[in-house]
Amino acid sequence: MTAFLFELTFLLAAPVWLLMIFAPGWRVTERVAASPLTVLPLLAVWAVLAAPVMPEMWTAVSSPDIDTFRELAALPNGAGAIWAQILAWDLLLGQWMYREARRLALSPLLMGPLLILTILLSPIALPLFLTARSWKTRGADQAPSGWQARVG
């Protein structure tokens, strides 16, 4: 059962990722990505996995040390719950990145690979995205606009 739930977490997140990567301009994608409710199925799986190991999980998060966390991760349900939590937060992060990229008109050719990297290694993808976002907003700040362009 734990192995099934472990695999199910990715299957629940995959449709949202696929929409954001392969159909970024589709109206349905924009509505789905705008909703934080996309993570609720993953959090439901997390709850099922976490319930049997809640005492161990509470110990690991309330008095964090590497050995306690290692013990939690060694438990099948502990590892599964950690995985579900990571996927849920990565999905929320990916949705935010997608929406920011759309707002700033970042190219889907840039965002597709960044979103794939977010699925795999979000701690690498996020700084890359923030850099691209910074470059895009810096360029917009330097361009004359509105009344300044007419006055100058």
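Numbering starts at 1 and runs along the sequence shown.
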Identify, with sequence neighbours excluded, every residue that meets salt bridge (Lys or Arg N to Asp or Glu O under 4.0 Å) alongside Arg31.
none
What is the minimum heavy-atom distance between [X] and [Y], and which atoms define it?
X      : Y      : result
Leu5   : Val45  : O-CG1, 3.6 Å
Met20  : Ala33  : SD-CB, 4.1 Å
Leu42  : Thr9   : CD2-O, 3.2 Å
Asn77  : Pro52  : ND2-CG, 3.3 Å
Pro127 : Pro123 : CD-O, 3.0 Å
Ala73  : Ala79  : O-CB, 3.4 Å

Please determine whether residues [X] and [Y] belong to a single hydrophobic cluster, defined as Ile, Leu, Val, Met, Phe, Trp and Tyr linked transitively by side-chain heavy-atom distances below 4.5 Å.
X     : Y      : answer
Leu8  : Met1   : yes
Trp89 : Leu120 : yes
Ile82 : Val48  : no
Val61 : Leu43  : no
Phe22 : Leu115 : yes

If the condition is side chain to side chain contact (heavy atoms under 4.5 Å, CB included), which residues does Leu75 pass it with, not counting sequence neighbours?
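Side chain to side chain contact (heavy atoms under 4.5 Å, CB included) check on Leu75 returns Val53, Glu56.
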Heavy-atom side-chain proximity of Phe69 to Pro64 below 4.5 angstrom:
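With C-beta onward as the side chain, the pair stays apart.
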So do Leu49 and Gln85 actually touch side chain to side chain, heavy atoms under 4.5 Å?
no
Over 60° means perpendicular and under 30° means parallel, so classify the ring planes of Trp96 and Phe129, tilted if in between.
perpendicular
Say you draw a straight line from [atom1] of [X] to [atom2] of [Y]; how long is it, rounded to the nearest 0.5 Å?
X      : Y      : atom1 : atom2 : result
Phe6   : Leu87  : CZ    : CG    : 7.5 Å
Gln95  : Thr38  : CD    : OG1   : 3.0 Å
Leu93  : Ile119 : CG    : CD1   : 11.0 Å
Thr131 : Arg138 : OG1   : CZ    : 9.0 Å

Spell out, as yes or no, whether a donor-acceptor pair under 3.5 Å connects the side chain of [X] to the backbone of [Y].
X      : Y      : value
Ser122 : Asp90  : no
Thr59  : Pro55  : yes
Thr118 : Leu114 : yes

So that I can tick it off, tell me whether Arg103 and Glu100 are bridged by a salt bridge, with the cut-off set at under 4.0 angstrom between side-chain N and carboxylate O.
yes
Stepwise side-chain contact (heavy atoms from CB on, under 4.5 Å) check, Tyr98 with Leu19:
CA-CA 10 Å; Tyr98 164 85; Leu19 284 171; over 6 Å; no
Surrounding CH2 of Trp17 (heavy atoms of other residues, nucleotides or ligands, distance under 6.0 Å), is the total greater than 12?
yes
Of Glu30, Met97, Met111, which meets side-chain contact (heavy atoms from CB on, under 4.5 Å) against Arg102?
Glu30
